[in-house]
Asks: 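Quick one: this structure, given as structure tokens, is what I'll be asking you about.
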Amino acid sequence: MPTSPPPTLRLRIDTDALAANWTALDRLSGTATAGAAVKANAYGLGVEHVVPVLREAGARHFFVAHWSEVEAVAAHVPASQIAVLHGIGNAAEAEYARAVGALPVINSVHQAAIWLDTGGGPCHLMVDTGINRLGIGPAEGGSEPIRGLEIDTLMSHLACADEDVAMNAQQLTAFESVARQVPHRLRSLANSAGIALGPAYHFDLSRPGLSLYGGIPRRELADAIAQVAFPQAAIIQRRRIAPGESVGYNATFVASQPMDIAVVSLGYADGFLRSWGGEGYLLHQGTEVPLLGRVSMDMVVVDLSNAPDLREGDWLDLPYHLPTAARLSGLSQYELLTTLGSRFGSA
């Protein structure tokens, strides 16, 4: 097969910013060490791009969700440094864990029994302190299978760390209570937002995810966290429309005067969803280039009034400072990263 032409979408990952973000989060974790959540293909930015940078910055604890994610991460760090958050649902997963050397996060008495019945060994343990997702209940800490575990890290997950609510302190108290009853080597509670809640939440190991990649879930992190993802899309056609002509599906935009517009190679198949319409825009050298009409699967249309010299083949930036992008699109900062599609080439 001939080599395909260069893509009309590209993504630049600022690896210096990524490393600096981990260093900042490690510093803000105080006496705790910062790990790194690299699940969902490193929040959509690519394990192969992200994990080596975090490893060189100093990260030694990596968190994924699925066993299918282990192999890609283990290509860059020892498998013993990888924790699988969904734990083990059956004996086959337990045997796979031992074969590769990654550690399961045990999430129930049932999972604990499977782990022990298939040979036991080091593992982590998740305690549910109020989010009601995975994790043993606090009252289950004294059950026989839990007592039999060799627990490296005892962890829980904050439900509302991005808000100033009483639930944060309630979860902290519940976690501390379980930690006094269940033998373990390390304790871990704080995610990215939890790090900003202060030293009481840091314990031995923090688990930042979103903020590694430029997300700012709390204002206290704004000065410490830099943008990492810089997506761009190319103009594939320039055209002129007359007054009364419409743009896009359902003709939601109608020109009131002659307009120069451009069709851009970007759509919801690339994570740029229809919710970007309305206030949405792309950028050319910092100048806003407004969106016109609806985002479609592979294309958007922009108004060239603010950038009249743009032509086919020119590149536009997506406004991907994550808090700003979240406001413009109505998407969460997590969604903005993890929905980036597979058609982006490297910038």
Asks: First locate atom CD1 of I131, then atom SG of C160, and finally report the distance between them rounded to the nearest 0.5 Å.
Replies: 8.0 Å
Asks: Start with the C-alpha gap between E163 and R218, add the side-chain angles, then the distance that decides, and say whether salt bridge (charged side-chain N to carboxylate O under 4.0 Å, His left out) holds.
Replies: CA-CA 8 Å; E163 302 177 287; R218 291 185 63 95; over 6 Å; no
Asks: Tell me, do V127 and V182 make a side-chain contact under 4.5 Å, heavy atoms counted?
Replies: no
Asks: Can you measure from OG (S192) to CD1 (I216) and round to the nearest 0.5 angstrom?
Replies: 11.0 Å
Asks: Both conditions, 6.0 Å and 45 degrees, for the charged tip of R10 above the ring of F344: are they met here?
Replies: no
Asks: Taking the basic N atoms (NZ, or NE/NH1/NH2) and the acidic carboxylate oxygens, is any pair closer than 4.0 Å for D298 and R343?
Replies: yes
Asks: When you compare the side chain of I136 with that of D128, does any pair of heavy atoms fall below 4.5 Å?
Replies: no
Asks: Is it possible for you to say whether M299 and V302 belong to one hydrophobic cluster, with membership spreading through side-chain heavy-atom contacts below 4.5 Å?
Replies: no
Asks: Give, for atom CG of L210 and atom CG of N191, the distance between the pair rounded to the nearest 0.5 Å.
Replies: 9.0 Å
Asks: Answer yes or no: are there more than 12 heavy-atom neighbours, outside R240 itself, under 6.0 Å from its atom CZ?
Replies: yes
Asks: Between R238 and D260, is there a salt bridge with N-O shorter than 4.0 Å?
Replies: yes
Asks: Under 4.5 Å between any side-chain heavy atoms of F272 and V295, yes or no?
Replies: yes
Asks: Same cluster or not: are L189 and L103 linked, directly or through other Ile, Leu, Val, Met, Phe, Trp or Tyr residues, by side-chain heavy atoms under 4.5 angstrom apart?
Replies: no
Asks: Please examine the side chains of W115 and P145, heavy atoms only from C-beta on, and report whether any two atoms are closer than 4.5 Å.
Replies: no
Asks: Side chains of T118 and R98: is there a donor and an acceptor less than 3.5 Å apart?
Replies: yes
Asks: If we check side-chain contact (heavy atoms from CB on, under 4.5 Å) with L125, which of these qualifies: T153, L149, V178?
Replies: L149
Asks: List the atom of L212, the atom of V228, and the distance in Å for their closest heavy-atom pair.
Replies: O-CG2, 3.5 Å
Asks: Do you reckon L328 sits in the same ILVMFWY cluster as L282, going by side-chain contacts under 4.5 Å, direct or chained?
Replies: yes
Asks: Determine whether V100 and E71 make a side-chain contact, defined as any pair of heavy atoms from C-beta on separated by less than 4.5 Å.
Replies: no
Asks: Fit a plane to each ring of Y320 and W276, take the angle between them on a 0 to 90° scale, and name the class: parallel (under 30°), tilted (30 to 60°) or perpendicular (over 60°).
Replies: parallel
Asks: Tell me, do Y268 and R274 make a side-chain contact under 4.5 Å, heavy atoms counted?
Replies: yes
Asks: Is there side-chain contact between L45 and L340, with heavy atoms separated by less than 4.5 Å?
Replies: yes
Asks: From H86 NE2 over to Q111 CD, what is the distance, rounded to the nearest 0.5 angstrom?
Replies: 10.0 Å
Asks: Can you confirm whether more than 12 heavy atoms, excluding those of Q181, are under 6.0 Å from its CD atom?
Replies: yes
Asks: Please answer whether the main-chain N or O of G35 pairs with a side-chain N or O of W22 as donor and acceptor at a distance below 3.5 Å.
Replies: yes
Asks: Would the number of heavy atoms belonging to other residues, nucleotides or ligands and lying under 6.0 Å from CZ of R219 be above 12?
Replies: no
Asks: Could you walk me through whether H66 and V84 pass the side-chain contact (heavy atoms from CB on, under 4.5 Å) test, one step at a time?
Replies: CA-CA 6 Å; H66 297 265; V84 181; 5.8 Å; no
Asks: So do the side chains of S346 and L11 get within less than 4.5 Å of each other, counting heavy atoms only?
Replies: no
Asks: Under a 3.5 Å distance rule, please check whether S29 uses its side chain to pair with a backbone N or O of L25 as donor and acceptor.
Replies: yes
Asks: Hey, are H157 and R207 close enough side-chain-wise for a donor-acceptor pair under 3.5 Å?
Replies: yes
Asks: Less than 3.5 Å apart, any donor N or O on the side chain of S305 or D303 sitting next to an acceptor on the other?
Replies: yes
Asks: Quick one: pull up CD1 in I261 and CG in L310 and give me the separation to the nearest 0.5 Å.
Replies: 13.5 Å
Asks: Which atoms form the tightest heavy-atom contact between V53 and T15, and what is the distance?
Replies: CG1-O, 3.5 Å
